[in-house]
Structure formats: C-alpha cells, structure tokens
Amino acid sequence: MNMRLVAGILLPAFGLIGVTAPALAGTLGKFECNIVGAIGLEPIGDRDGHLLRSYDYSCVGVDGVFKGAVSTGVSVSEMDGPKV
C-alpha cells in the first residue's frame, strides 16, 4: 500500500478520536489536613534570614474516591527573610 494512502486514512482517523473523546477533569476527592508536630526553622547559614521551614502533615479523605484514605507527607520551603 502506498504510504500516502495509509497516512491519508490513518491521520484523519486519529484526529477524529481526539475530537470525539474529550478529556474529562473533575474533583477526585476532598481532604481535611492538619499539621502534625512542630514547625521546624533551620538556618541555611549563607546570609541572615535565609531559612528552611519544614513540617509534617496528615490528611484524611472526606469525600469522593479518596474517602477514608489517610495521606501523610512533609512540606519543605525556603524562606528569605522574616516572612512567616
């Protein structure tokens, strides 16, 4: 089969698949989160006010697909100055 003929048939078919199947985005769930323990502030040491802020958090799914699920994590942020 000629490559132009194959491309002429397949490319429009793939284009129609993309048009007829729109992407669906929605909320998978809602969480209630709390900070666990103390917030840590560690100086980096290269200049005044340059810090790493870290804290542990725990979340519980309250609605949707993740209802009843428990998720934990750590958040680490760089701070430059006395902004809290």
**Asked** How far does CD of Glu42 sit from OG of Ser54, to the nearest 0.5 angstrom?
**Response** 7.0 Å

**Request:** Supply the atom-to-atom distance Tyr57 OH to Asn34 CG, rounded to the nearest 0.5 angstrom.
**Result:** 12.5 Å

**Request:** Check Pro43 against Leu51 and note the closest heavy-atom contact, atom names and distance.
**Result:** CA-CD2, 3.5 Å

**Request:** Could you check if a side-chain atom of Leu28 sits within less than 4.5 angstrom of a side-chain atom of Phe66, using non-hydrogen atoms only?
**Result:** yes

**Request:** Starting at NE2 of His50, measure out to CD of Glu78 and round the result to the nearest 0.5 Å.
**Result:** 3.5 Å

**Prompt:** Between Ser58 and Val36, is any pair of side-chain heavy atoms under 4.5 Å apart?
**Reply:** yes

**Prompt:** Would you say Arg53 and Ile39 make side-chain contact, with heavy atoms under 4.5 Å?
**Reply:** yes

**In one Ile/Leu/Val/Met/Phe/Trp/Tyr side-chain cluster, 4.5 Å: Leu52, Val74** = yes

